[in-house]
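What follows is one structure encoded as structure tokens, with my remarks underneath.
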Protein chains: 2
Amino acid sequence: MPRNPEQNEQMKEERRAAILDNALRLFAAKGLAATRIAEIAKAAGMSQGLLYHYYRSKEEVFTALIGNAFTIMNGAAAALEALPISAAEKIRRAVNELFTGLERSEHTGTYHLLIAAASASEGIPAEARAIITRESRVPYEIMARIVKEGQVQGTVRSGDPEQLALLFWTTIKGLAIHRAANRRTFRLPDPDIILRMFLKE
Amino acid sequence: MPRNPEQNEQMKEERRAAILDNALRLFAAKGLAATRIAEIAKAAGMSQGLLYHYYRSKEEVFTALIGNAFTIMNGAAAALEALPISAAEKIRRAVNELFTGLERSEHTGTYHLLIAAASASEGIPAEARAIITRESRVPYEIMARIVKEGQVQGTVRSGDPEQLALLFWTTIKGLAIHRAANRRTFRLPDPDIILRMFLKE
DNA sequence: GTCTATATCCAGATAGAC
DNA sequence: GTCTATCTGGATATAGAC
């Protein structure tokens with residue numbers, strides 16, 4: 001039974017999604033070098049040969065994931081900034097949403113881990129490195145603007161906005177790393193403890 | 001010219017130290033899987049064959065480093081706790097010393113990065129994993145006790161001591177990761193910004 | 001103790017049948 | 001599009017000379 005072009009296209013997309021979903025999990029857990037392409041293919045339910053029909057190399061899969069990670073993370077940050085709510089409320093939402101993502105191991109949380117591990121590591125593909133260099137500032141810049149706005153509104157603590165933004169994201173990264181290392185016993189801290197780092201009481 | 005046993009022993013130790021020093025740098029930068037044993041040997045100024053005279057495998061070098069990392073980190077934490085100074089002062093010193101180590105890329109800073117990356121990663125040797133599981137709580141427990149002490153003394157913010165300790169270390173980890181990813185442009189935040197997360201103003 | 005040379009293995013990538 | 005089988009390179013670890 002012949003498939004029409006739309007069905008073909010859809011199947012192709014599903015295959016690609018299966019590869020990326022499983023590769024995300026594996027790369028985040030073990031890193032690029034330790035993840036075997038055979039594992040990705042098996043987890044995605046296809047032969048190794050077929051994976052190479054969709055991606056030319058392991059590095060290409062990795063680079064695609066890094067691109068996706070920033071599309072999602074930076075898109076979420078931009079959407080947050082655009083919301084018609086106060087700066088303090090934006091920071092509250094950011095913490096809550098990031099915590100939810102981490103807690104439930106949603107894609108977003110896994111992306112944060114992937115980025116944290118990848119950005120610290122040499123020996124990732126040059127193209128992936130370029131994406132990281134280009135895109136990784138965005139969340140910092142957005143958070144710095146939100147902090148500045150909040151300081152004007154009188155709801156956010158004083159201090160260099162860029163340093164506060166750096167501290168915000170490194171804390172999130174640290175939690176993502178810690179959670180990965182302690183999946184079983186991990187309990188997120190009370191969001192308020194983090195919030196009062198940034199908000200006036 | 002024959003060497004006496006003491007000289008032999010000393011040379012052996014120097015060789016081991018050369019291997020470990022260079023392996024630390026490389027493992028922290030690229031991870032276990034991506035680091036080539038040939039690289040380590042070359043960086044340590046010896047042939048690949050000779051490295052195997054000192055360590056049976058790459059994993060054994062890695063595991064030795066993980067052990068050293070905790071010996072140093074946990075030793076420093078215990079020494080800090082034992083100092084005859086106030087809890088608030090202990091926290092100040094901890095931040096300052098950790099920042100100095102990170103800033104200057106001293107061994108201690110590199111160890112923190114190694115541990116952060118290794119503990120989040122599956123596929124590290126079972127023995128290394130066991131050391132991490134056993135030892136990694138120590139700094140958290142020590143910091144939790146210091147926080148509790150400071151709360152009694154009235155100098156540390158209220159809040160669950162264990163959560164505050166978790167936040168302390170994840171923030172340090174996050175900074176270590178961030179620094180590794182941004183060696184060029186990295187500027188540590190003002191220590192006071194971190195300190196006021198924990199200390200009453 | 002130290003080196004060079006090499007055996008062995010394993011993973012990434014390709015070829016070709018269906 | 002999908003599979004199985006295979007080529008090929010490179011990395012770990014070993015052997016053996018000095």
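Note that these values count all heavy atoms, side chains included, but never hydrogens, waters or copies made by symmetry. Naming convention: chains lettered A, B, ... in sequence-line order (proteins, then strands); numbering from 1 in each chain. If you're wondering where the values come from, they're calculated on a predicted model, not measured in any experiment.
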For this session: Please work out whether the ring planes of A:His178 and A:Phe186 are parallel, tilted or perpendicular, with thresholds of 30° and 60°.
Result: tilted
Problem set entry | nucleotides 11-18 of chain D: protein proximity per nucleotide (B base, S sugar-phosphate only, - neither; heavy atom, under 4.0 Å) | SBBB----
[X] [atom1] - [N] [atom2] separation (whole Å):
X       : N      : atom1 : atom2 : result
B:Leu50 : C:dC3  : CG    : P     : 5 Å
B:His53 : C:dT4  : NE2   : P     : 16 Å
A:Lys42 : C:dG12 : NZ    : C1'   : 18 Å
A:Asn8  : D:dG1  : CG    : C1'   : 8 Å
A:Leu51 : C:dT14 : CG    : P     : 12 Å
A:Ile40 : C:dG12 : CD1   : C1'   : 11 Å

Donor-acceptor pairs are to be reported for all side-chain atoms of residues 40-48 of chain A against protein atoms at under 3.5 Å, with residues two or more places apart or in another chain.
residue	atom	partner	partner atom	Å
A:Ser47	OG	A:Leu50	N	3.1

Problem set entry | CD/B:Gln163: more than 12 non-hydrogen atoms of other groups inside 6.0 Å | yes
Closest heavy-atom pair and its distance - [X], [Y]:
X        : Y        : value
A:Gly159 : A:Gln151 : O-NE2, 2.8 Å
A:Pro189 : B:Leu166 : CD-CD2, 3.8 Å
B:Leu98  : B:His112 : CD2-NE2, 3.4 Å
A:Lys58  : A:Ala33  : NZ-O, 3.6 Å

For this session: Look at all strands and tell whether B:Tyr55 reaches a base, only sugar-phosphate, or nothing, counting heavy atoms closer than 4.0 Å.
Result: nothing
Exercise. Strictly by modelled atom types, are A:Asn96 and A:Arg93 linked by a side-chain donor-acceptor pair under 3.5 Å?
Worked result: no
Exercise. Where along residues 12-25 of chain B does a heavy atom fall under 4.0 Å from DNA chain C?
Worked result: B:Lys12, B:Arg15
